[in-house]
Participant: 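Please read through the structure below; I'll follow up with questions.
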Amino acid sequence: MFTIDKYVVAESLDQAYELNQNRRNVIIGGMLWLKMGRKKIGTAIDLSNLNLNTIEEDDDSFKIGAMCTLRDVENHLGLNSYFNNLLSKSVEHIVGVQMRNLATIGGSIYSRFGFSDILTALLSLDSYVELHKGGIVPLKKFVDMPYDNDILVRIIIKKDGRSSCYKSHRMSSSDFPVLACAVSNKGNEWYASVGARPGKAVLKQFTLSEKPSNEEIDKAAQDITKLMTFGTNMRGSTRYRRLLADVLIKRNIEEIIGGNHAD
């Protein structure tokens with residue numbers, strides 16, 4: 001349980017940013033992880049009045065406000081249609097609808113949790129984060145940036161025409177993933193994002209021929225997993241995760257190729 005000395009509904013991003021420079025102050029979203037700690041908060045900063053709970057679509061991109069919930073993302077027809085249900089599939093096993101109605105995408109991405117399904121999925125796309133002071137930063141760069149007191153405003157996903165697929169392995173349906181994997185493809189360029197290693201998701205790029213053989217796909221998956229590090233925890237060993245990554249990458253590739261051929 002946490003305690004709060006003061007609660008402020010921010011009237012602007014500038015006000016929220018200034019308040020957030022104090023180490024004792026905290027931006028609050030769904031508060032699902034915050035409530036599990038014992039933090040004493042000076043000022044809780046609420047962004048709910050800053051119109052950051054909308055998903056906007058234009059000809060070039062989708063823009064997802066930081067206060068959108070995972071359930072908002074899961075149910076958005078435009079996102080599901082354009083990205084072949086990639087994002088909805090990545091969040092569907094996160095505990096339950098009640099939790100997904102509370103958890104915000106801003107909190108999920110800013111925290112860069114090692115077990116994050118949504119981070120793994122977004123990393124496989126041409127995704128960016130918009131920071132209040134830091135501007136627009138590619139997600140693949142943001143993942144490795146140190147934590148600071150900037151404010152994540154929205155997620156931007158470019159419409160670049162890539163195909164995508166997401167799979168994870170879990171001990172039970174609503175448990176944390178043992179391993180998460182998203183693969184996307186544009187032309188001969190392929191992108192594999194693997195999370196819950198148990199570290200945060202990493203992205204690797206590779207190429208395949210226009211109609212790759214099973215042997216080419218097998219070799220690509222093996223080469224990619226060799227470039228990644230895996231660890232051991234209560235859900236699985238290093239060796240087990242490496243084997244899972246190899247299998248999930250191949251299955252994602254095969255599903256994308258099958259879907260493209262079907263078109």
Side-chain angles (χ1 to χ4, degrees), residues 33 64 70 73 83 86-87 89-91 93-94 105-129 131 134 136-148 152 155-158 160 162-170 175-186 188-208 217-256:
W33 292 109
I64 308 172
L70 297 185
V73 173
F83 296 112
L86 175 79
L87 299 182
K89 289 178 180 177
S90 74
V91 302
H93 293 293
I94 298 176
I105 192 166
S108 298
I109 298 305
Y110 183 83
S111 300
R112 288 157 276 186
F113 294 122
F115 53 78
S116 178
D117 291 277
I118 189 69
L119 176 61
T120 304
L122 285 170
L123 196 59
S124 72
L125 304 176
D126 189 15
S127 302
Y128 303 79
V129 296
L131 304 172
I136 296 175
V137 179
L139 182 59
K140 61 184 178 182
K141 178 180 178 181
F142 178 73
V143 165
D144 294 322
M145 287 171 56
Y147 293 100
D148 60 19
L152 194 155
I155 311 295
I156 301 169
I157 314 173
K158 297 291 186 180
D160 65 352
R162 69 179 68 186
S163 302
S164 57
C165 188
Y166 183 87
K167 296 186 184 300
S168 65
H169 179 73
R170 288 167 149 80
D175 193 8
F176 290 119
V178 178
L179 195 85
C181 178
V183 172
S184 66
N185 158 246
K186 183 180 180 183
N188 290 338
E189 296 299 321
W190 290 78
Y191 308 85
S193 171
V194 177
R197 300 170 300 109
K200 61 190 174 184
V202 292
L203 179 70
K204 300 297 180 182
Q205 185 174 350
F206 60 103
T207 60
L208 291 175
I217 294 172
D218 288 346
K219 185 178 186 306
Q222 291 170 9
D223 290 345
I224 290 299
T225 56
K226 287 177 183 177
L227 297 175
M228 296 179 175
T229 57
F230 299 88
T232 296
N233 65 5
M234 62 183 292
R235 289 182 174 81
S237 67
T238 297
R239 182 171 180 270
Y240 183 48
R241 283 190 164 94
R242 191 176 300 279
L243 291 170
L244 280 176
D246 180 77
V247 171
L248 294 183
I249 289 171
K250 286 190 288 189
R251 287 180 180 175
N252 279 331
I253 292 173
E254 289 165 355
E255 188 165 321
I256 290 172

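As the structure is a computational prediction, the values presented were derived from the model and not from experiment. Atom set for the values below is all heavy atoms of this structure, side chains included, hydrogens, waters and symmetry mates excluded.
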Participant: Is a donor on one side and an acceptor on the other found under 3.5 Å between the side chain of Ser164 and the backbone of Phe83?
Facilitator: yes
Participant: Hey, could you give me the CD1/CG distance between Ile157 and Leu122, rounded to the nearest 0.5 Å?
Facilitator: 5.0 Å
Participant: Heavy-atom distance under 4.5 Å between the side chains of Phe230 and Leu179, does that happen here?
Facilitator: yes
Participant: Quick one, Thr238 with Thr232, criterion side chain to side chain donor-acceptor pair (under 3.5 Å). Give me CA distance, side-chain angles, the key distance, then yes/no.
Facilitator: CA-CA 5 Å; Thr238 297; Thr232 296; 3.1 Å; yes
Participant: Give a yes or no on whether the backbone of Ala221 and the side-chain of Thr225 come within a donor-acceptor separation of less than 3.5 Å.
Facilitator: yes
Participant: Given Cys181, which of Asp246, Val247, Leu248 fulfils the side-chain contact (heavy atoms from CB on, under 4.5 Å) condition?
Facilitator: Leu248
Participant: State whether the side chain of Arg197 and the backbone N or O of Gly231 hold a donor-acceptor pair below 3.5 Å, judged by distance alone.
Facilitator: no
Participant: For Ala121 and Leu86, work out which heavy atoms get closest and say how close.
Facilitator: O-CD2, 3.7 Å
Participant: Answer yes or no: does atom NZ of Lys167 have more than 12 heavy-atom neighbours from other residues, nucleotides or ligands under 6.0 Å?
Facilitator: yes
Participant: Kindly give the heavy-atom pair with the smallest separation between Lys204 and Met228, and that separation in Å.
Facilitator: CG-CE, 3.6 Å
Participant: Atom OH in Tyr240, atom NE2 in His169: separation rounded to 0.5 Å?
Facilitator: 3.0 Å
Participant: Give me the atom names and distance for the closest heavy-atom approach of Gly107 to Phe113.
Facilitator: O-CE1, 4.5 Å
Participant: Arg170 and Val178: side chain to side chain contact (heavy atoms under 4.5 Å, CB included), yes or no, with the steps?
Facilitator: CA-CA 5 Å; Arg170 288 167 149 80; Val178 178; 5.5 Å; no
Participant: So how far is it from Leu203 CG to Ser184 OG, rounded to the nearest 0.5 Å?
Facilitator: 7.5 Å
Participant: Please report the interatomic distance NZ(Lys186) to CG(Asp160), rounded to the nearest 0.5 Å.
Facilitator: 4.5 Å
Participant: Could you give me the CA-CA distance, side-chain angles and deciding distance for Leu152 and Leu131, then say whether side chain to side chain contact (heavy atoms under 4.5 Å, CB included) is met?
Facilitator: CA-CA 5 Å; Leu152 194 155; Leu131 304 172; 4.2 Å; yes
Participant: Using the side-chain contact (heavy atoms from CB on, under 4.5 Å) rule, pick out the option among Ile256, Leu208, Asn252, Ile253 that qualifies with Asn185.
Facilitator: Ile256
Participant: Does the structure place the NZ or CZ of Arg235 under 6.0 Å from the centre of the six-membered ring of Phe176, at an angle of no more than 45° from the ring's axis?
Facilitator: no
Participant: Looking at side-chain heavy atoms only, is the closest gap between Thr120 and Val194 below 4.5 Å?
Facilitator: no
Participant: Measuring from Ser193:OG to Leu125:CG, what's the distance to the nearest 0.5 Å?
Facilitator: 9.0 Å
Participant: Checking Tyr166 against Asp117 for the side chain to side chain contact (heavy atoms under 4.5 Å, CB included) test, could you report, in this order, the C-alpha distance in whole Å, the side-chain angles of both residues, the deciding distance, and whether it holds?
Facilitator: CA-CA 9 Å; Tyr166 183 87; Asp117 291 277; 2.5 Å; yes
Participant: Under a 4.5 Å cut-off applied to non-hydrogen side-chain atoms, are Ile109 and Ile155 in contact?
Facilitator: yes
Participant: Taking all atoms of both residues into account, what is the closest heavy-atom pair of Leu70 and Ile105, and its distance?
Facilitator: CD2-CA, 4.2 Å
Participant: Would a distance-only check, ignoring hydrogens and angles, find a side-chain to backbone donor-acceptor pair under 3.5 Å from Tyr147 to Ser111?
Facilitator: yes
Participant: Rounded to the nearest 0.5 Å, how far apart are CD1 of Ile224 and CZ of Phe206?
Facilitator: 5.5 Å
Participant: Please list, chain by chain and in numerical order, all residues satisfying side-chain hydrogen bond (donor to acceptor under 3.5 Å, both in side chains) with Arg112, sequence neighbours excluded.
Facilitator: none
